[in-house]
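Everything on this sheet refers to the single structure shown next.
Residue numbers begin at 1 in each chain, while the letters A, B, ... track the order of the sequences.
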Number of protein chains: 2
Amino acid sequence: MSKHERDASGRTGACCPGLLTAPLDEGQATELAKVFKALGDPVRLRLLSMIASRAGGGVCVCDLTPAFDLAQPTISHHLKLLRQAGLIDCERRGTWVYYWLLPEMTDRLAAILARPAGQPLPEPTGHAGAAS
Amino acid sequence: MSKHERDASGRTGACCPGLLTAPLDEGQATELAKVFKALGDPVRLRLLSMIASRAGGGVCVCDLTPAFDLAQPTISHHLKLLRQAGLIDCERRGTWVYYWLLPEMTDRLAAILARPAGQPLPEPTGHAGAAS
DNA sequence: CTTCTATGTTGACGAACGTCGATCCAGGAA
DNA sequence: TTCCTGGATCGACGTTCGTCAACATAGAAG
């Protein structure tokens, strides 16, 4: 089921030291954008969090669907996108299909968004007083 | 310039301990999805990385535009989306407009995507041998 | 075999998105 | 003032996305 259809999963070419330290090239940006785009939908975010927070063995689709006011094919479609983004994987066990998180991808995103240590935070020029 | 038009910047209601530990509710998901959607475009990712990697004082739009094969209004539009997502802010200095990163937002995203410590990684039930 | 249930797939529709040309606004220079 | 330049806004176009109903598929149970 998780055969050859991952688009932006494993290899990025490098370890991606973060997009906050050096401008990333077009290829990296395109690949990363696919994953972020997969996260750019409330339904998929909730699906991912429901799957990720169930730490054991995987979550059955039949547990996910009733949490939404959406038709079953819609849920299936969102799960497919999350899978193609390399964020989750799935397996059929008898009648049901179970999904689980691929923490490598979320780890990678977290590392990319985190700044090295305590980046200088370039001397507030008078602005930067935005978020609470 | 950075007045009242941020949509998903500051307050989330809580500190958001991460979407990997507990299923997030509809409101949190909707708000988070706006930010991830802003990151879900290669051009915006490159813009953000170019802005973020210039640690001092901000980047002029005139330094950003020539890096893309896009018309100037398109770049302006992408910058606006990044600003509405609370990821960057800008200021006019004379003739030019300078953009800079709002690290609070990227910090928040990184924290949300990171798992608490070394999450159990739920005893591979036979699957989980997917990636690489 | 047939039947039932749980999911994935297909095709279509409206809405949102990315892009552009044209235009407008803000500042600096003459 | 009038010009010019950097950047934002507007309106429109084609593409992509989210959603659904209909259908297809995979196992389990008769």
Side-chain angles (χ1 to χ4, degrees), chain A residues 1-8 26 29-30 33-48 50-51 58-85 88-100, chain B residues 1-5 7-8 26 29-30 33-48 50-51 58-85 88-100 127:
Chain A
M1 208 149 204
S2 60
K3 32 196 173 192
H4 40 55
E5 46 180 338
R6 51 132 169 63
D7 296 341
E26 220 167 317
T30 301
K34 289 180 188 171
V35 187
F36 280 125
K37 188 177 299 183
L39 294 175
D41 182 275
V43 175
R44 288 195 290 270
L45 269 183
R46 290 179 60 199
L47 282 170
L48 186 70
M50 291 173 72
I51 294 172
V59 188
C60 177
V61 177
C62 58
D63 289 335
L64 298 172
T65 305
F68 300 86
D69 280 342
L70 293 173
Q72 172 266 327
T74 303
I75 302 295
S76 191
H77 172 238
H78 285 306
L79 288 172
K80 182 181 182 178
L81 292 188
L82 285 174
R83 195 155 48 84
Q84 289 179 334
I88 59 176
D89 203 353
C90 66
E91 181 191 50
R92 181 171 209 114
R93 297 184 211 156
T95 307
W96 294 278
V97 177
Y98 290 83
Y99 283 80
W100 62 87
Chain B
M1 207 148 206
S2 61
K3 33 198 172 190
H4 39 57
E5 47 179 339
D7 296 342
E26 221 168 318
T30 302
K34 288 179 187 169
V35 188
F36 281 126
K37 188 178 298 182
L39 295 175
D41 182 275
V43 174
R44 288 195 291 270
L45 270 183
R46 290 179 60 199
L47 282 171
L48 185 71
M50 291 173 72
I51 293 172
V59 188
C60 177
V61 178
C62 58
D63 288 335
L64 298 172
T65 306
F68 301 86
D69 280 341
L70 294 172
Q72 173 265 327
T74 303
I75 301 295
S76 191
H77 173 238
H78 285 307
L79 288 172
K80 181 181 183 179
L81 292 188
L82 286 173
R83 195 156 48 84
Q84 288 179 336
I88 60 176
D89 203 353
C90 67
E91 181 191 49
R92 180 172 208 112
R93 296 183 211 158
T95 308
W96 294 278
V97 178
Y98 290 83
Y99 282 81
W100 60 86
H127 47 258

Review point. Are the side chains of B/Asp89 and B/Trp100 in touch, meaning some heavy atoms are under 4.5 Å apart?
Key: yes
Study note, to complete from the structure: Readout for nucleotides 25-30 of chain C: B = base within 4.0 Å of protein heavy atom, S = sugar-phosphate only, - = neither; 5' to 3' it is -BSS--
Exercise for review: Just compare D/dA8, C/dA6, C/dG8 and give me whichever is closest to any side-chain atom of A/Val97.
Suggested key: C/dG8
Review point. What's the CD1-P distance between B/Ile75 and D/dT9, to the nearest Å?
Key: 15 Å
Review point. What integer distance in Å separates B/Asp41:CG from D/dT16:P?
Key: 13 Å
Check your understanding: Whole Å only: how far is the CG atom of B/Leu82 from the P atom of D/dA8?
Key -> 12 Å
Practice item. Would you indicate which nucleotide in D/dG7, D/dT9, C/dT7 comes nearest to any side-chain atom of B/Cys62? Key: D/dG7
Exercise for review: Would you indicate, yes or no, if C/dT19 has its OP1 or OP2 atom less than 4.0 angstrom from a side-chain nitrogen or oxygen of B/His78?
Suggested key: yes
**Study point:** Separation of C/dG18 C1' from B/Phe68 CZ (nearest whole Å)
**Key:** 14 Å
Exercise for review: Quick one: list whatever passes side chain to side chain donor-acceptor pair (under 3.5 Å) with B/His77, sequence neighbours left out.
Suggested key: none
Exercise for review: To the nearest Å, give me how far apart CG (B/Asp89) and P (D/dA8) are.
Suggested key: 12 Å
Revision key, fill the gap. When rounded to whole Å, the NZ to P distance for the pair B/Lys80 and C/dG18 reads 13 Å
Practice item. Please determine if a side-chain N or O atom of B/Tyr99 lies less than 4.0 Å away from the OP1 or OP2 oxygen of D/dA8. Key: yes
Point to revise | Any side-chain heavy-atom pair of B/His78 and B/Asp41 under 4.5 Å | key: yes
Exercise for review: Spell out, as yes or no, whether a donor-acceptor pair under 3.5 Å connects the side chain of A/Arg44 to the backbone of B/Ala33.
Suggested key: no
Study note, to complete from the structure: In whole angstroms, the gap separating P of C/dG18 from CG of B/Asp69 amounts to 18 Å
Check your understanding: Can you find a pair of side-chain heavy atoms, one from B/Leu79 and one from B/Leu64, that are under 4.5 Å apart?
Key -> yes
Point to revise | Check: A/Val97 and A/Glu91 side chains under 4.5 Å, non-hydrogen atoms | key: no
Practice item. Quick one: list whatever passes side-chain contact (heavy atoms from CB on, under 4.5 Å) with A/Thr95, sequence neighbours left out. Key: none
Study note, to complete from the structure: Of C/dT19, D/dA8, C/dT7, the nucleotide closest to the side chain of B/His77 is C/dT19
Check your understanding: Can you find a side chain N or O atom of A/Thr74 that sits less than 4.0 Å from OP1 or OP2 on D/dC20?
Key -> yes
Exercise for review: Just call it for A/Leu81: base, sugar-phosphate, or nothing, with non-hydrogen atoms closer than 4.0 Å on any strand.
Suggested key: sugar-phosphate
Review point. B/Arg83 CZ to D/dG7 C1': how many Å, rounded?
Key: 11 Å
Practice item. Could you tell me the separation between the CD1 atom of B/Ile51 and the CG atom of B/Asp63, rounded to the nearest 0.5 Å? Key: 10.5 Å
**Study point:** Out of C/dA22, D/dA21, C/dG8, whichever nucleotide has its closest atom nearest the side chain of A/Gln72
**Key:** C/dG8
Review point. For B/Val61 and A/Lys37, take the nucleotide of DNA chain D holding the closest heavy atom to each; which residue's nucleotide lies nearer the 5' end?
Key: B/Val61
Review point. What's the closest nucleotide to the A/Leu70 side chain, out of D/dC20, D/dG7, C/dC20?
Key: D/dC20
